[in-house]
Amino acid sequence: MENHDTRSNNYLRLIHDRVMSEYPSTVTFLNYRNAFELLIAVILSARTTDQSVNEVTPTLFGKFPTPESLASAELSMLEQIVHKTGFYRSKARNIRATARQIAESHGGLVPSDMDALTALPGVGRKTAHVIRGTLFGLPSIIVDTHFGRVSRRLGLTAETNPLKVERDLEQIIPPELSHSMSMRLNKHGRVYCTSRKPRCEACPLSDVCPKVGVEDP
Ligand code: SF4
């Protein structure tokens, strides 16, 4: 393995170049037609697969296509529609309350401001960053379980708390690369750098990765 300063700009750009060529597209696997639909789909995607969200959103957005219509939906009907995504009671409540806030406080438009986004029910920093990066092209470090794990193994950070990981990586990831890096390291964590058994022998980063914490890589 080559030795690199894993907090250096050179190392970051090397990792970014490699994951760019491995995963040319960063397109989200959630289906959506506009900003509001993406926001609701990301809220529904908590602790479930993108596929199960894609299975419920055609019905959901077919019946309630706008923030105004979703804001006045019957809760029991929403629970029924989103049931398959799990945690359906809280998700139904959150998407209705978020739709209401968007209709009443944001003129029907999804805000780009971090504080405004995280004030919406069901929207944490991770969801807010997905929206900011995907819809508005803003710098966004999206710390989920995959991104955090891969970043630590690559030696980019030693932090484990998501907010600390975000703050730490903000210091070294150039803003213009942050969304691309987030999406691609997330993908890498699903394809090669999996939780239980990372496939280091086949990984395109293997020659430069210090494999921090990986047993018997
Ligand atoms: S070499 Fe192993 S630990 Fe490093 S990124 Fe690849 S799969 Fe993960």
Side-chain angles (χ1 to χ4, degrees), residues 1-30 38 41-42 44-54 86 114 124-217:
M1 190 200 81
E2 295 169 21
N3 268 331
H4 287 269
D5 170 359
T6 59
R7 301 272 295 173
S8 70
N9 192 263
N10 281 349
Y11 180 69
L12 259 165
R13 289 189 182 272
L14 173 64
I15 298 293
H16 186 255
D17 286 350
R18 295 268 184 100
V19 290
M20 274 275 280
S21 49
E22 187 70 20
Y23 314 109
S25 162
T26 62
V27 175
T28 170
F29 295 109
L30 292 169
L38 177 62
V42 179
L44 291 175
S45 72
R47 289 178 277 182
T48 191
T49 61
D50 291 349
Q51 191 189 337
S52 70
V53 175
N54 289 338
M114 181 54 111
R125 292 188 71 81
K126 190 182 82 177
T127 299
H129 273 306
V130 171
I131 299 300
R132 283 165 58 84
T134 309
L135 295 178
F136 300 106
L138 292 167
S140 52
I141 297 181
I142 306 164
V143 184
D144 67 358
T145 174
H146 302 294
F147 179 84
R149 179 180 67 252
V150 179
S151 298
R152 284 186 289 279
R153 287 177 176 167
L154 284 167
L156 300 174
T157 183
E159 301 290 353
T160 52
N161 171 286
L163 185 57
K164 287 186 178 171
V165 171
E166 183 188 322
R167 296 278 187 250
D168 194 31
L169 292 183
E170 260 172 12
Q171 311 297 317
I172 60 167
I173 300 182
E176 70 277 13
L177 298 188
S178 60
H179 185 246
S180 164
M181 195 80 157
S182 295
M183 301 298 279
R184 292 185 164 97
L185 288 191
N186 174 298
K187 181 91 189 267
H188 194 64
R190 299 166 192 256
V191 177
Y192 291 98
C193 199
T194 52
S195 171
R196 289 212 190 129
K197 202 159 176 17
R199 297 194 294 124
C200 298
E201 72 292 344
C203 174
L205 305 177
S206 194
D207 60 323
V208 293
C209 174
K211 306 172 185 69
V212 176
V214 177
E215 286 173 23
D216 192 18

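Just follow the structure's listing: the first ligand is 1, and inside any ligand the first atom is 1. Small disclaimer: the values here were computed from a predicted structure and weren't measured. Numbers for residues simply follow the sequence, beginning at 1.
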Student: Going by an N to O cut-off under 4.0 Å, is there a salt bridge joining Arg7 and Asp168?
Tutor: yes
Student: Tell me the ring-ring contact (aromatic ring centres under 6.0 Å, His included) pairs involving residues 164-215, sequence neighbours left out?
Tutor: Tyr23-His188, His188-Tyr192
Student: Look at ligand 1 and say whether Val214 reaches it with a heavy atom at a distance under 4.0 Å.
Tutor: yes
Student: Check each atom of ligand 1 against the heavy atoms of Ser206 and keep those under 4.0 Å away; list them by number with element.
Tutor: 1 (S)
Student: With distance as the sole criterion, is a donor-acceptor pair present between the side chains of Ser180 and Arg184 under 3.5 Å?
Tutor: yes
Student: Among Asn10, Asn9, Asp17, find the residue that satisfies the side-chain hydrogen bond (donor to acceptor under 3.5 Å, both in side chains) test when tested with Arg13.
Tutor: Asn9
Student: So, 2.8 Å as the limit: is an N/O/S atom of Cys209 located closer than that to atom 2 (Fe) of ligand 1?
Tutor: no
Student: Backbone or side chain, does Cys193 get an N/O/S atom under 2.8 Å to atom 4 (Fe) of ligand 1?
Tutor: no
